[in-house]
Q: 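Input: one structure, supplied below.
Letters go in sequence order (proteins before strands), and every chain restarts at 1.
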There are 2 protein chains.
Amino acid sequence: MQNILIKNGVLVPMIKSGKYFAGDILIENGRIKEIGQIISADCMVIDATDCFVLPGFIQCHVHTVQSLLRHQADDLELLDWLKKRTWPYEAALDGDGVEAASELGIAELLLGGTTTALDFGTTHNHDRVFKTARGMGIRLFSGKTHMDTGTDVPKQILENTEYSLREAEDLGKKWNNNGRLKYVVEPRFALSCTEILMKEAVKLARKNNWLLHTHANESINEVRRVKKLTKKSNIAYLKKVGFLGKDVILAHGVHVTDSELKTLKDTNTRICHCPGANLKLASGIADVPKYLKNKIVVALGADGPPCNNKLSIFQEMSLAATVHKIKHGPRAMDAWTVLGMATREGARALNILDQIGTLEVGKSADITIIKRDSMSLHPDGDPASQIVYGATASDVRDVLIDGELIVRDSKLLKFKHQEIQTKAQIAWKATRARMKI
Amino acid sequence: MQNILIKNGVLVPMIKSGKYFAGDILIENGRIKEIGQIISADCMVIDATDCFVLPGFIQCHVHTVQSLLRHQADDLELLDWLKKRTWPYEAALDGDGVEAASELGIAELLLGGTTTALDFGTTHNHDRVFKTARGMGIRLFSGKTHMDTGTDVPKQILENTEYSLREAEDLGKKWNNNGRLKYVVEPRFALSCTEILMKEAVKLARKNNWLLHTHANESINEVRRVKKLTKKSNIAYLKKVGFLGKDVILAHGVHVTDSELKTLKDTNTRICHCPGANLKLASGIADVPKYLKNKIVVALGADGPPCNNKLSIFQEMSLAATVHKIKHGPRAMDAWTVLGMATREGARALNILDQIGTLEVGKSADITIIKRDSMSLHPDGDPASQIVYGATASDVRDVLIDGELIVRDSKLLKFKHQEIQTKAQIAWKATRARMKI
């Protein structure tokens, strides 16, 4: 592997808020070897003059397989959105559709500076997601979704409990630690999983030391239906089935009682805040300042292309920095806090802060370089303010993962953008023709 | 003037929601001459294959002169933000600062596809804004701000009432209808203007057939202070001084009672919705669905770089389409409604819908062309959904105003981006050194 020197950037290590300095980063064997003023080195040089150099962004809740349904599912609340669009779409996806969708989604993530994502799969063909991710070089935590009950779920994506879990185990054995991939056990949510599925999912994950990921407390209708079904609050139910802990990332957490929040805190369960999707699906605004006050780990995620409709960490940062100010005042969620959520806290949520999430010697060289070409990044000012409020995904110039250059001058090095888009368009037409709506 | 044929685009005329079609636009003498399938013409051809072709975006509340303060005024609520940052900044601005700031702001607007803006000036050197706008080609409605009272206002930007209005009249006589420029009379807001100033401003505007623009009902603290000062609600006070009507655009309207809303409706006063700034300054969320239900004309604006921190119509559209869904449900503010606010309704608010705001034969050729290169614009789908939810300002490729090509391939044709930025940086340093904070 080629060694790389990133020269003359504004380094924003994200170890703590407010710290940044002009400097260089030397990458050897995929790791950060040195940070500071590095005179020269016998390696490839990336000139980062007038650029911000950051730890690669981390999104802890995305659905790359939903990418073909982008712009096809607006103006619906969560449960209708699932029933009327998303589940019929997933039921109609074949292997080629899964591949085209995840390729489009991963391309968008990488081009927008996201180097690590926690990804939610669909029922079938999850092999194709991993194969695609492996080829594209992203650090992907992913798993197939499990659904073994629920009246509105199309039969094509409803599975026998035991079969579904066995497939997860097979997938995990094949793909976990295969390059930059990690297997995650992912039952969809309480409403489409039996209690036995939830419990067995927990067992499967813990036996293998894999993470657990699901949706919880997203919309008020979902919360009510979970209560009716399980006779418990969503978090109490998850506690009952063992689905809480340091190895669990719950997407959303919009509607959470004080007692549920205490349970999340006591169990050290992680929350992924998805403000864009929560607004678009009319779900509400998660009380992130309250989570943070309670020292609950909160990461960020763009959720799915049909409910956002971007996979941009920049949009989510900008929203996370602003939507909470109405309730909590203008000092809630300053730009450094939010930038931390999009980097360091994402790594903490995934329990890999020892490996990525900050720029530190010895860590994997997952690095995003943001150029300051846009007018909205001028004049200069605090880097966190510029990145959170002033930048968009198109300001990302270069992306490295494990020291491998994946994006250079805003282009994927190993892929033609138009081929990805054409493939997605063809796959969408084929999927649409099969969709029963 | 060169005639231009825009070929093979997806035309989105914005005359009514949901309508779009593949076609061409012929521009002659700065106006739209023909729309449809145009075989050939003896003129410059712009290939718009795989692009959306729209009426240029219209923002009805921006502060281009505040551009140097971008990223320097986060985490403050409105009145603190004015007192601690924005007024000291405006007090420190000199003519070169005004020019550099407006140049940066107008560059950002044009590159992001905004062809017309209603702009709020500062107290002095407003000549420089018009000179800059004239040189850059934007269609700008603008005026100096008036402040003749208010305890927190620095003396440098507080003026004698009569002098202030006389300067406005002189500016208006010089610049109104000078090329694409219009003069607008702009007292800052009730808290920094005497009643006599407000009344005389109204007289001045109506005598000359100029528009009126001010801030109103933005934050709860402002609303309370206006009530204390005037013994009336803000809108009742504006009614008393004659500052309501079809020729009045009020920025914000976040905190408005039912009775105030009725007054706005009865007087046909226009509202400019600025969701980004309203979130960032912790002001709240204007009830736009309620305005629309009451047939009040609502336009969009990004407000100022220090309170947003972008001037992107795309961010404002995405916010306007999502923030209202929490209160009003997922069908509130669909993408077409929002895209209409950013084009047709902006023109209606400015009373120039007969000239711009839609793509129609005979109208001025103010046109924005959006390329579909970004992953977030794939696969295809409803154009409004793609533009409102999937696009950012960087997706704008070409911009025409009065048929003049201003932006081509995402570059300003007559300006070097880096020179604008360097000039802004130098002016910011000089302004900062003079700021008394």
Side-chain angles (χ1 to χ4, degrees), chain A residues 67-68 70-72 74-77 80-81 104-105 107-108 111 276 279-285 305 308-312 315 318 321-323 325-326 328-332 334-335 372-376 378-382 385-386 389-390 392-395 417 420-421 424-425 427-429, chain B residues 67-68 70-72 74-77 80-81 104-105 107-108 111 276 279-285 305 308-312 315 318 321-323 325-326 328-332 334-335 372-376 378-382 385-386 389-390 392-395 417 420-421 424-425 427-429:
Chain A
S67 299
L68 303 184
R70 194 201 307 270
H71 307 309
Q72 304 291 344
D74 299 338
D75 307 330
L76 294 163
E77 73 88 33
D80 277 350
W81 177 86
L104 180 66
E108 188 185 358
L111 289 164
L279 290 174
K280 184 153 181 278
L281 295 175
S283 299
I285 298 174
N308 187 307
N309 300 345
K310 307 186 192 79
L311 293 179
S312 163
Q315 175 173 291
S318 164
T322 54
V323 293
K325 294 189 192 302
I326 293 176
H328 291 278
R331 277 167 297 282
D334 66 30
R372 289 184 63 234
D373 286 357
S374 291
M375 296 295 164
S376 60
H378 291 267
D380 68 11
D382 179 83
S385 178
Q386 291 190 68
Y389 294 118
T392 62
S394 61
D395 295 308
H417 292 197
I420 293 171
Q421 293 167 358
Q425 184 63 30
W428 162 240
K429 293 279 173 211
Chain B
S67 298
L68 303 183
R70 194 200 306 272
H71 307 310
Q72 304 290 344
D74 299 338
D75 306 330
L76 293 163
E77 74 88 33
D80 277 350
W81 176 87
L104 181 66
E108 187 184 359
L111 289 164
L279 291 174
K280 184 154 180 279
L281 295 174
S283 300
I285 298 174
N308 187 305
N309 298 347
K310 306 186 193 80
L311 293 180
S312 162
Q315 176 173 290
S318 164
T322 54
V323 293
K325 294 189 192 302
I326 293 176
H328 291 279
R331 275 167 299 280
D334 67 29
R372 290 184 63 233
D373 286 358
S374 291
M375 295 295 164
S376 60
H378 292 266
D380 68 11
D382 178 83
S385 179
Q386 291 189 67
Y389 294 118
T392 61
S394 62
D395 295 309
H417 292 197
I420 293 170
Q421 294 167 357
Q425 184 64 29
W428 163 239
K429 293 280 172 211

Q: To the nearest 0.5 Å, how far apart are CD in A:Q315 and CG in A:N308?
A: 5.0 Å

Q: As an exercise: rank A:T392, A:I420, A:D74 by heavy-atom pairs under 4.5 Å with chain B and give me the winner.
A: A:D74

Q: At a heavy-atom distance under 4.5 Å, which candidate from B:R331, B:Q72, B:K280 has the highest pair count against chain A?
A: B:K280

Q: If you count heavy-atom pairs under 4.5 Å between each of B:Q421, B:E108, B:K325 and chain A, which one has the most?
A: B:Q421

Q: What pairs with A:E77 under side chain to side chain contact (heavy atoms under 4.5 Å, CB included), at least two apart in sequence or on another chain?
A: A:L79, A:D80, A:S219, A:N221, B:P330

Q: Go through the atoms of B:S67 and report whether side chain, backbone, both or neither lie under 4.5 Å from a heavy atom of chain A.
A: backbone

Q: Which answer fits B:D334, side chain, backbone, both or neither, if we ask what part of it has an atom under 4.5 Å from a heavy atom of chain A?
A: both

Q: Is it the case that A:S376 and A:S374 place a side-chain donor and acceptor less than 3.5 Å from each other?
A: no

Q: Who wins among B:L76, B:N309, B:D382 for the most heavy-atom pairs under 4.5 Å with chain A?
A: B:N309

Q: Look at B:A424, B:P305, B:S385, B:S312 and state which one has the largest set of heavy-atom pairs under 4.5 Å with chain A.
A: B:S385

Q: Provide the closest heavy-atom pair for B:P379 versus A:Q425 in the form atom of the first, atom of the second, distance.
A: CB-OE1, 3.2 Å

Q: Could you check whether any side-chain N or O of A:Q386 sits under 3.5 Å from a backbone N or O of A:D380, counting only pairs where one atom can act as donor and the other as acceptor?
A: no

Q: Could you tell me which portion of B:D395 (side chain, backbone, both or neither) has an atom closer than 4.5 angstrom to a non-hydrogen atom of chain A?
A: neither

Q: Holding to side chain to side chain contact (heavy atoms under 4.5 Å, CB included), I want the full list of residues that pass it with B:I326, two or more places apart in sequence or in another chain.
A: A:L279, A:I285

